[in-house]
Amino acid sequence: MSTRLSQLFVRTLREDPVDAEVASHRLLVRAGYIRRQAPGVFAWLPLGLKVRRKIEAIIRDELEAFGAQEVLFPGLLPREPYEVTNRWTEYGDGIFRLKDRKGADYLLAPTHEEVFTLLVKDLYSSYKDLPLSLYQIQDKYRDEARPRAGLLRGREFTMKDSYSFDYTDAGLDASYQQHRDAYERIFTRLGLDYVIVKADAGAMGGSRSEEFLHPTPVGEDTFVRSAGGYAANVEAFTTAVPEPRSFDGLTPAEVLDTPDTPTIAALVDVANGKHPRPDGRAWTAADTLKNIVLALTALDGTRELVVVGIPGDRDIDLKRAEVAFAPADVEAANEGDFAKHPGLVKGYIGPWSPSGAVLGAAQTGEPARSTTGIRFLLDPRVSEGTGWITGANVHGQHVFGLVAGRDFHSDGIIEVGSVVAGDPAPDGSGPVELARGMEIGHVFQLGRKYADALGLKVLDENGKLVTVTMGSYGIGVTRILAVIAESNNDGKGLIWPKNVAPFDVHVAVAGKDVAVMAIGETIVDSLEESGFDVLFDDRPKVSPGVKFGDAELLGVPLIVIVGRDAAEGTVELWNRRTGDRTSVAMIELGAALAAQP
RNA sequence: CGGGGCGUAGCUCAGCUUGGUAGAGCGCUCGGUUUGGGACCGAGAGGCCGCAGGUUCGAAUCCUGUCGCCCCGACCA
């Protein structure tokens, strides 16, 4: 039985909904696939559900193909498992919490690592039961501070999450690879461009982590890639570290007057004007060492200052800083922080001063504490043997030719500098370019963090208890639907890829003649017999313009128009993706449809 | 949480400056004319003007408060 537009529960909107900004949100609402229920929460209408289920079917197919098994956990979970792993606390305001009538705490699950781990612990206890991959397709809940962009960042969203269980590292590698391969097949079948990038393993404590990003300007992740094949989320980018250089031939550091130079730009100007380089080249911001004071707030609320030294032509990327200092919160130091450390002369901060080390240690082989005692971390580019212009901790003075490793030392290296196009990839594969992407999948070696915390162990071949090692693999189902819509539309409407389109073909009758309508019925019947899933626009009193507009909006990629030439046995085949509109004899319609790209 | 904007019909919006019977287009219902790109004529249904106070003879309009929503940022799959 075909689906008739006259009966389908859908109402298309002629105008864009005022609260929708991005294309996917606008079009999915206008075309009647979804309706907003609350901020970041959406109801699914028949058309939307059909597409969703097609996406889910492809995901299931590829996971089952390598032996993963589907389970389903509730969205409503008790507090206890999350208490054990401390995530009840770590999630902070990020999750929906509620109490039952007895006052017991529950949450709407943001992710399910704990309960998967506990389920396997309940039932399995031998290495013979492993490896095991389980997955579910379930709604997740996050109390986003600001949901946005429709389905792309909601507070309720559907995710496929898988977990693998192994008792050896090699086993985990294999399970990880199985998922990674399956994800490649899934995204290919979905017709979605993707880039696999190195991701930050973060506070989860995992060893290997990669993200599948769909390149799109509305993406919220920035990633880099080189022509030679390096690809990484900008948060996981590592700077190519220069070789240490010898101190031979380097002149001693020299303190010079640099009045009115609170900014790097002013400093470069003054340096070139008053203290030009002996070799004639002009000073640039890259010759300066900028020392930025950050305040870290740990989970327990304690506040610590840290100074980061980076080349003056770089900024600190706060996202990279959050990752580098996780789980602490990072912000710029405020006036109060400076007041507590008079040794730091604002605008003229540096690791060294005429009276000794302010940050880090003073001399090679003299690990004496600096006068401030503040942790001092360096960008990797500030490597041993490089010389810098940097603050002398005296108002109006900078020190020139201060050499890393000779005149000052850090308490460590840190990756917080902004990444810019042209930076060298760390694997030597050439300069990187930057692009935006939306995360559509994530594969992640969790290792033993959850198994340790929750006590998931099995007996190995030798009868010894070993802790299970886990992987976690996610795909955002509803996000993928939105991303597909985002990348498959032409402004007039959606254009679904064949594999996820709600119908194979959209048949519209254009014309007043009841005979034409009857021909339309015949065509629909025969297409259905040939196995096509057909959406039939049988609305009798709707003008052709409206039908064409709705056909474009709804986004079924192949449209058949039964109209003026129907009596002669000819219909029009309209391929939305190519834009081609061709006349086709009815008897050849099935073959012509099957042959469409 | 910081910044900006907006709450009037199912949708998109006008009206508010300068207080005086609640508006348009689209959509919906009925009748008729149309029928290959969002047609037309006629007749209708549909509003606690976000909510609560206040000022006033009278408030969608002015004042105070409050709630909600959207966008940018922070945060996040």
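Each chain gets a letter, A, B and so on, in the order the sequences are listed, and its residues count up from 1.
B:G4 and B:U8: their P atoms are spaced 22 Å apart (whole Å). Annotation: B:C49 and B:C13 have their C1' atoms spaced 13 Å apart (nearest Å). A gap of 13 Å separates the P atoms of B:C16 and B:U61, to the nearest Å. Distance check on atom P: B:G42 versus B:G25 gives 11 Å, rounded to whole Å. Here the separation of B:A60 from B:C6, taken at their C1' atoms, is 15 Å to the nearest Å. B:C11 and B:G54 have their P atoms separated by 31 Å, given to the nearest Å. Comparing the C1' positions of B:C30 and B:G46 gives a spacing of 15 Å, expressed to the nearest Å. Nucleotides B:A9 and B:A22 are separated by 15 Å at their P atoms, to the nearest Å.
Because its NZ or CZ atom is not both nearer than 6.0 Å to the ring centre of A:F444 and within 45° of the ring axis, A:R180 does not count as a cation-pi partner of that residue. For the pair A:R97 and A:W88, the cation-pi criterion (under 6.0 Å, within 45° of the ring axis) is fulfilled.
Pair assignment for B:G7 gives B:C67, based on Watson-Crick or G-U wobble hydrogen-bonding distances that are each under 3.5 Å. As the counterpart of B:C1, B:G73 is assigned, both hydrogen-bonding distances of the Watson-Crick or G-U wobble pattern falling under 3.5 Å. Pairing partner, B:U29: B:A43, with both Watson-Crick or wobble hydrogen-bond distances short of 3.5 Å. Of all nucleotides present, only B:C13 satisfies the Watson-Crick or G-U wobble test against B:G23, with each distance under 3.5 Å. Figure legend. B:U34 is base-paired to no nucleotide; pairs are counted as Watson-Crick or G-U wobble with both atom distances under 3.5 Å.
Map A:R581 and A:R35 each onto its nearest nucleotide of RNA chain B; the residue landing nearer the 5' end is A:R35. Across the interface with RNA chain B, nearest-nucleotide mapping of A:L151 and A:F548 shows A:F548 to be the residue nearer the 5′ end.
Atom P of nucleotide B:A77 and atom CG of A:L152 are separated by 15 Å, given to the nearest angstrom. Straight-line distance from the CD atom of A:Q37 to the P atom of B:C69: 13 Å, rounded to whole Å. B:A77 atom P lies 11 Å from atom CD of A:E113, rounded to whole Å. Counting to the nearest Å, the C1' atom of B:G25 and the CG atom of A:L13 are 14 Å from each other. A:R564 places its CZ atom 14 Å from the P atom of B:U35, with the value rounded to the nearest Å. In this structure, A:D161 places its CG atom 13 Å from P of B:A77, rounding to the nearest Å. The CZ atom of A:R11 sits 8 Å away from the C1' atom of B:C28 (whole-angstrom rounding). If you measure from atom CD1 of A:I559 to atom P of B:G37, you get 15 Å, rounded to the nearest angstrom.
For A:R148, the side-chain atoms get nearest to B:A74 when compared with the rest of B:A74, B:G38, B:G37. Distances were taken from every side-chain heavy atom of A:P17 (C-beta onward) to each of B:G38, B:U12, B:A77; the shortest belongs to B:U12. In this structure, of B:G36, B:C69, B:A39, it is B:C69 that holds the atom nearest to the side chain of A:P39.
A:G476 comes within contact range of no nucleotide atom at all, as no heavy-atom separation falls under 4.0 Å. Using a 4.0 Å heavy-atom criterion, one finds that A:G154 contacts the bases of the nucleic acid, with or without backbone contacts as well. Base engagement by A:V546 is indicated by at least one non-hydrogen atom pair under 4.0 Å involving a base atom. As judged by a 4.0 angstrom heavy-atom cut-off over every strand, A:R36 is placed among residues touching the sugar-phosphate backbone only. At a threshold of 4.0 angstrom between heavy atoms, the contacts of A:E572 include nucleobase atoms, whether or not backbone atoms are also involved.
For B:G10, the base has no donor-acceptor partner in the side chain of A:R14 [N/O atoms by modelled type, under 3.5 angstrom]. Between the side chain of A:E552 and the base of B:G38, no donor-acceptor pair under 3.5 Å is found.
Note: A:Y141 and A:F96 have perpendicular aromatic rings, judged against thresholds of 30 and 60 degrees for the angle between ring planes.
Within the structure, every side-chain polar atom (N or O) of A:S543 is placed at least 4.0 Å from both OP1 and OP2 of B:U35.
The six-membered or imidazole ring of A:H179 lies near that of A:F66, with a centre-to-centre distance under 6.0 Å. Aromatic pair A:Y183/A:Y473: ring centres not closer than 6.0 Å.
For the pair A:K198 and A:E210, the salt-bridge criterion is not met [side-chain N within less than 4.0 Å of a carboxylate O].
Applying the side chain to side chain contact (heavy atoms under 4.5 Å, CB included) test between A:V560 and each of A:V584, A:V507, A:V524, A:V509 identifies A:V507 as the sole match. With A:R479 as reference, A:E220 is the one residue of A:E486, A:E439, A:E220 to meet the salt bridge (Lys or Arg N to Asp or Glu O under 4.0 Å) rule.
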